[in-house]
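Below is one structure; the comments refer to it alone.
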Protein chains: 2
Amino acid sequence: MPDFIFKGKVYYNPVQLVMEQIGGVWKMPILWRLQYHTMRYGELRNDIPHISDKMLTTQLRELEEDGYVHRQVYAVVPPKTEYSLTEKGREVIPLITQIREYGNQLIEKENKKL
Amino acid sequence: MPDFIFKGKVYYNPVQLVMEQIGGVWKMPILWRLQYHTMRYGELRNDIPHISDKMLTTQLRELEEDGYVHRQVYAVVPPKTEYSLTEKGREVIPLITQIREYGNQLIEKENKKL
DNA sequence: TGCGATACATACTTTTTGGTTAGTATTTGA
DNA sequence: TCAAATACTAACCAAAAAGTATGTATCGCA
């Protein structure tokens with residue numbers, strides 16, 4: 001499997017690309033919460049424990065840039081912004097489901113040991 | 001989904017745990033290559049483009065520590081070490097397969113646009 | 001005698017990622 | 001009149017991940 005270029009950047013393997021698009025601590029938890037309905041910024045913020053404004057904003061921007069989420073801004077006061085999954089975002093949910101399941105398996109097995 | 005503790009460290013969600021165990025640029029490519037047979041250090045090194053000694057060694061040690069690979073050292077000169085998947089390592093291969101497939105899909109779609 | 005092969009280790013630096021704190025504009029409600 | 005809510009931005013800092021370069025012991029081989 002040779003190197004390839006995706007959006008101007010060199011990657012060594014397909015896994016590396018996936019990790020950049022949806023890896024890290026926060027992106028999958030965000031996508032996961034958007035799977036059934038649109039959510040406002042503040043709803044995501046309240047629903048995801050420990051996430052900071054900076055992380056939520058930067059991760060949402062990257063997900064938008066990479067085509068996973070759609071951002072709808074309403075010009076009202078106080079401001080209102082809604083986030084929802086795009087087609088690409090919906091397509092990646094099954095993969096996230098599997099990753100979560102595997103994570104839960106690990107936790108279960110660990111707990112059995114106690 | 002509340003916080004939990006796994007091997008003494010606090011995690012915020014199952015995805016974060018999975019990312020720590022098999023995330024990053026190199027761990028999945030290593031596991032992937034070990035799926036069918038044992039490999040020597042040098043074979044892995046030659047087979048994984050761009051990986052450095054440092055990365056290969058540290059990632060193998062972490063995978064061993066987390067129970068994904070087994071390390072068999074032969075006390076000969078020149079040294080010989082063989083790496084193979086454990087049961088836990090074999091169990092994670094289907095997940096890696098899916099992640100790779102998704103990555104390949106992304107690449108295909110990108111290429112169609114050209 | 002000096003080189004290459006083997007499977008690393010060590011030290012150092014750079015890059016990326018994530019966290020903390022504070023600040024912004026505007027309106028509603030107390 | 002002052003605080004709270006909203007959806008952010010900016011500046012700064014710490015930690016983690018990754019990259020680079022060099023060194024190590026031992027042997028066979030030229």
Side-chain angles (χ1 to χ4, degrees), chain A residues 3 9-13 15-30 33-34 38-66 69-84, chain B residues 3 7-13 15-30 33-34 38-66 69-84:
Chain A
D3 298 353
K9 213 198 133 179
V10 179
Y11 293 87
Y12 300 158
N13 54 65
V15 165
Q16 193 191 356
L17 173 59
V18 176
M19 288 298 100
E20 249 200 41
Q21 297 235 324
I22 59 164
V25 177
W26 302 112
K27 283 181 179 175
M28 287 192 254
I30 291 171
R33 279 169 177 79
L34 292 175
T38 286
M39 287 176 92
R40 292 185 63 175
Y41 179 90
E43 292 183 284
L44 284 168
R45 172 113 229 245
N46 293 331
D47 208 48
I48 303 175
H50 303 287
I51 199 167
S52 66
D53 278 327
K54 184 199 162 192
M55 279 300 112
L56 183 52
T57 304
T58 60
Q59 303 308 96
L60 280 169
R61 287 302 139 79
E62 289 179 23
L63 289 170
E64 193 192 356
E65 170 104 23
D66 289 330
V69 308
H70 175 246
R71 177 160 170 261
Q72 178 73 31
V73 182
Y74 298 91
V76 293
V77 153
K80 176 175 173 180
T81 311
E82 286 183 344
Y83 292 93
S84 55
Chain B
D3 298 354
K7 290 186 180 172
K9 212 197 135 181
V10 180
Y11 293 87
Y12 300 158
N13 53 65
V15 165
Q16 194 191 356
L17 173 60
V18 176
M19 287 300 99
E20 248 199 43
Q21 297 237 323
I22 60 166
V25 176
W26 303 112
K27 284 182 179 174
M28 288 193 254
I30 291 170
R33 279 168 178 80
L34 293 176
T38 285
M39 287 177 89
R40 292 186 61 178
Y41 178 91
E43 293 181 282
L44 282 168
R45 171 114 230 243
N46 293 331
D47 207 49
I48 303 177
H50 304 288
I51 200 166
S52 66
D53 278 326
K54 184 201 159 193
M55 279 300 112
L56 183 51
T57 303
T58 60
Q59 302 308 95
L60 280 170
R61 288 301 141 80
E62 290 180 21
L63 288 170
E64 195 193 355
E65 170 103 22
D66 290 330
V69 309
H70 175 245
R71 178 160 170 262
Q72 178 74 29
V73 181
Y74 298 91
V76 294
V77 154
K80 177 175 171 179
T81 311
E82 285 183 344
Y83 292 93
S84 56

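Just so it is clear: chains get the letters A, B, ... in the order the sequence lines come, proteins before strands, and each one is counted from 1.
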Any side-chain heavy atom of [X] sitting closer than 4.5 Å to one from [Y]?
X     : Y     : result
A/M39 : A/D47 : yes
A/M28 : B/M19 : yes
A/L34 : A/L44 : yes

Measure [atom1]/[X] against [atom2]/[N] and give the value in whole Å, please.
X     : N      : atom1 : atom2 : result
B/Y12 : C/dG18 : OH    : C1'   : 10 Å
B/I30 : D/dA18 : CD1   : P     : 11 Å
A/M19 : D/dA17 : CE    : P     : 14 Å
B/I51 : D/dA17 : CD1   : P     : 15 Å
B/Q21 : D/dA17 : CD    : P     : 13 Å
B/L56 : D/dT20 : CG    : C1'   : 16 Å
A/Y11 : C/dT16 : OH    : P     : 11 Å
B/Q72 : C/dT6  : CD    : P     : 19 Å

Does [X] place a side-chain N or O at less than 4.0 Å from the phosphate oxygens OP1/OP2 of [N]?
X     : N     : result
B/T81 : C/dT6 : no
B/R40 : C/dA5 : no
A/R61 : D/dC8 : yes

| Rounded to the nearest 0.5 Å, what separation is found between the CD1 atom of A/I30 and the CG atom of A/L60? |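 Those atoms lie 4.5 Å apart.
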
| Can you tell which of B/L63, B/T57, B/T58 makes a side chain to side chain contact (heavy atoms under 4.5 Å, CB included) with B/R61? |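 One option only clears the test, and that one is B/T57.
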
Which is true for [X] with a 4.0 Å heavy-atom rule: it touches a base, it touches only sugar-phosphate, or it touches nothing?
X     : result
A/Y83 : sugar-phosphate
B/V25 : sugar-phosphate
A/R45 : nothing

| query | Tell me, for nucleotides 20-30 of chain C in 5' to 3' order, what letter each nucleotide earns: B for a base near a protein heavy atom under 4.0 Å, S for only sugar-phosphate near one, - for neither? | reply | B-----SS---

| said: For B/T57 and B/N46, find the nucleotide of DNA chain C closest to each by heavy atoms; which residue's nucleotide sits nearer the 5' end? | reply: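 Its nearest nucleotide lies further toward 5', so the answer is B/N46.
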
Which donor-acceptor pairs under 3.5 Å do side chains of residues 75-84 of chain A form with protein atoms, sequence neighbours excluded?
residue	atom	partner	partner atom	Å
A/E82	OE1	A/Y74	OH	3.1
A/Y83	OH	A/R71	NE	3.2

| message | Is it true that B/Y41 and B/D53 share a donor-acceptor pair across their side chains at a distance under 3.5 Å? | response |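 Yes, side-chain donor-acceptor contact under 3.5 Å.
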
